[in-house]
Asks: 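The structure follows.
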Amino acid sequence: MKLLSLFVAVVAFAVTVNVIAQETVNPGGLATIRGASNIDETRPAEKLKRVIKDKNPIARNYVHQPPVVPHQTRGYRVDLNSNKCLSCHSWKHAAQTGATKISLTHFETRDGKTLSDVSPRRYFCSQCHVTQADAAPLVENTFEPVESLGNE
Ligand code: HEC
Ligand code: HEC
């Protein structure tokens, strides 16, 4: 008898796992961000969004927000040998290029030591700074930007 209930439990578990797995593989009409396609299918890439070429810095939404990038950055290389972003945004070049200087925090290590050049943890700019496209939000968002930073 004990064996039978164990068997039933194992079967029930296996069925549940299978149902969950099926749901994940084939979302069955569920709206997902990548669209309703099977996980083992390669979808054609979405069209590239047109990046806003605003020229003016875009108001920040909260105090420690990394400012979003108000210009296109396609093809700007950041690697071991060169950093395209710093060719305009470093203190050395900013005055000449009219770009905002990277702030003092970008020279600080994680232990709070200030270096004489950009800190390795701030080297890969697009880890935090992203371009903007005029796209509809993928999910509802009720966040209200802070007014004191220039938002209406
Ligand atoms: C050719 C020069 C140039 C390069 C290269 C460049 N920028 Fe800029 N960036 C600017 C200028 C100039 C501005 C000021 C607004 C404007 O005129 O577009 C700016 C603005 C910004 C701002 C907004 C600053 C603020 O205070 O709101 C961010 C963030 C930024 N850039 C990030 C980047 C990143 C990340 C890269 C590399 C992927 C990069 N930029 C490469 C010239 C440049
Ligand atoms: C780990 C996240 C991170 C990385 C990587 C990073 N930043 Fe920032 N950046 C921020 C944050 C957060 C702010 C706003 C607060 C501050 O100044 O620290 C900022 C501010 C800025 C500003 C505005 C400065 C000001 O005085 O208003 C510029 C310009 C900028 N970053 C450019 C860059 C560039 C260029 C790089 C790459 C060399 C870079 N950032 C890498 C997070 C990052």
Side-chain angles (χ1 to χ4, degrees), residues 13-152:
F13 178 71
V15 168
T16 316
V17 168
N18 201 24
V19 167
I20 294 171
Q22 283 294 325
E23 268 301 303
T24 327
V25 171
N26 186 356
L30 263 186
T32 66
I33 287 174
R34 71 190 289 274
S37 60
N38 290 334
I39 203 137
D40 54 355
E41 267 170 31
T42 306
R43 302 170 62 229
E46 295 284 344
K47 269 190 140 174
L48 290 176
K49 300 267 187 228
R50 283 186 64 161
V51 167
I52 295 174
K53 292 183 196 139
D54 202 342
K55 287 291 166 199
N56 291 317
I58 299 166
R60 300 178 203 187
N61 293 312
Y62 56 93
V63 175
H64 283 293
Q65 181 201 321
V68 294
V69 184
H71 56 70
Q72 69 88 30
T73 57
R74 205 165 165 70
Y76 286 5
R77 286 180 77 117
V78 174
D79 58 27
L80 184 64
N81 303 316
S82 63
N83 186 320
K84 180 73 178 169
C85 311
L86 287 175
S87 71
C88 289
H89 285 279
S90 67
W91 284 38
K92 194 172 170 184
H93 301 297
Q96 229 175 318
T97 59
T100 324
K101 281 193 294 197
I102 52 169
S103 53
L104 289 171
T105 59
H106 292 52
F107 295 84
E108 285 168 14
T109 64
R110 63 178 178 184
D111 317 310
K113 293 206 176 76
T114 303
L115 307 177
S116 55
D117 204 346
V118 64
S119 170
R121 64 183 191 143
R122 287 283 195 275
Y123 187 79
F124 294 101
C125 318
S126 53
Q127 224 179 310
C128 304
H129 297 283
V130 288
T131 52
Q132 299 296 291
D134 193 12
L138 292 169
V139 291
E140 193 196 346
N141 186 351
T142 55
F143 180 81
E144 298 282 347
V146 182
E147 280 176 30
S148 56
L149 297 180
N151 296 285
E152 272 119 55

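Position 1 is the first residue of the sequence, and the numbers go up from there. From a predicted model like this one, the values you see are computed outputs, not experimental measurements. Hydrogens, waters and symmetry mates play no part in the numbers below; they use all other heavy atoms, side chains included.
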Asks: Using a strict 4.0 Å threshold on nitrogen-to-oxygen distance, state whether E46 and R43 make a salt bridge.
Replies: yes
Asks: Verify, without hydrogens or angle tests, whether N141 (side chain) and F143 (backbone) share a donor-acceptor contact under 3.5 angstrom.
Replies: yes
Asks: Taking C-beta and beyond as the side chain, do S148 and V63 meet within less than 4.5 Å on heavy atoms?
Replies: no
Asks: Classify the angle between the aromatic ring planes of F107 and W91 as parallel (below 30°), tilted (30 to 60°) or perpendicular (above 60°).
Replies: perpendicular
Asks: Would you say the side chain of V69 lies within less than 4.5 Å of the side chain of V51, judging by non-hydrogen atoms?
Replies: no
Asks: Whether the side chain of Y62 engages the backbone of L149 through a donor-acceptor N/O pair (distance < 3.5 Å, no angle test) should be reported.
Replies: no
Asks: Kindly indicate whether the side chain of V130, heavy atoms from C-beta on, has any atom under 4.5 Å from the side chain of Q132.
Replies: yes
Asks: Testing the basics here: between T109 and S119, what is the closest heavy-atom pair and its distance to 0.1 Å?
Replies: CA-OG, 3.8 Å
Asks: Check H129 against P67 and note the closest heavy-atom contact, atom names and distance.
Replies: ND1-O, 2.7 Å
Asks: Determine the interplanar angle of the Y76 and H71 rings, folded into 0 to 90°, and report it as parallel if under 30°, tilted if 30 to 60°, perpendicular if over 60°.
Replies: tilted
Asks: Are the side chain of N83 and the backbone of V78 linked by a donor-acceptor contact shorter than 3.5 Å?
Replies: no
Asks: Between C128 and P66, what is the shortest heavy-atom contact and its length?
Replies: O-CB, 3.6 Å
Asks: Quick check: closest heavy atoms across T97 and C88, and the distance to 0.1 Å?
Replies: OG1-O, 2.9 Å
Asks: Looking at every heavy atom in both S87 and H93, which two are closest together, and how far apart are they?
Replies: O-CB, 3.2 Å
Asks: Nearest 0.5 Å, please: how far is NE2 in H106 from SG in C125?
Replies: 7.5 Å
Asks: Using 0.5 Å steps for rounding, measure from the CZ atom of R74 to the OG1 atom of T131.
Replies: 10.0 Å
Asks: Hey, what do you get for CD1 (I102) to OH (Y123), rounding to the nearest 0.5 Å?
Replies: 11.0 Å
Asks: Evaluate whether atom CG of D134 has more than 12 neighbouring non-hydrogen atoms of other residues, nucleotides or ligands under 6.0 angstrom away.
Replies: no
Asks: Quick check: does any side chain N or O of R122 sit under 3.5 Å from a backbone N or O of E108, one acting as donor and the other as acceptor?
Replies: no
Asks: Over all heavy atoms of both residues, which pair between Q72 and K53 is shortest? Give the atoms and the distance, please.
Replies: CG-CE, 4.4 Å
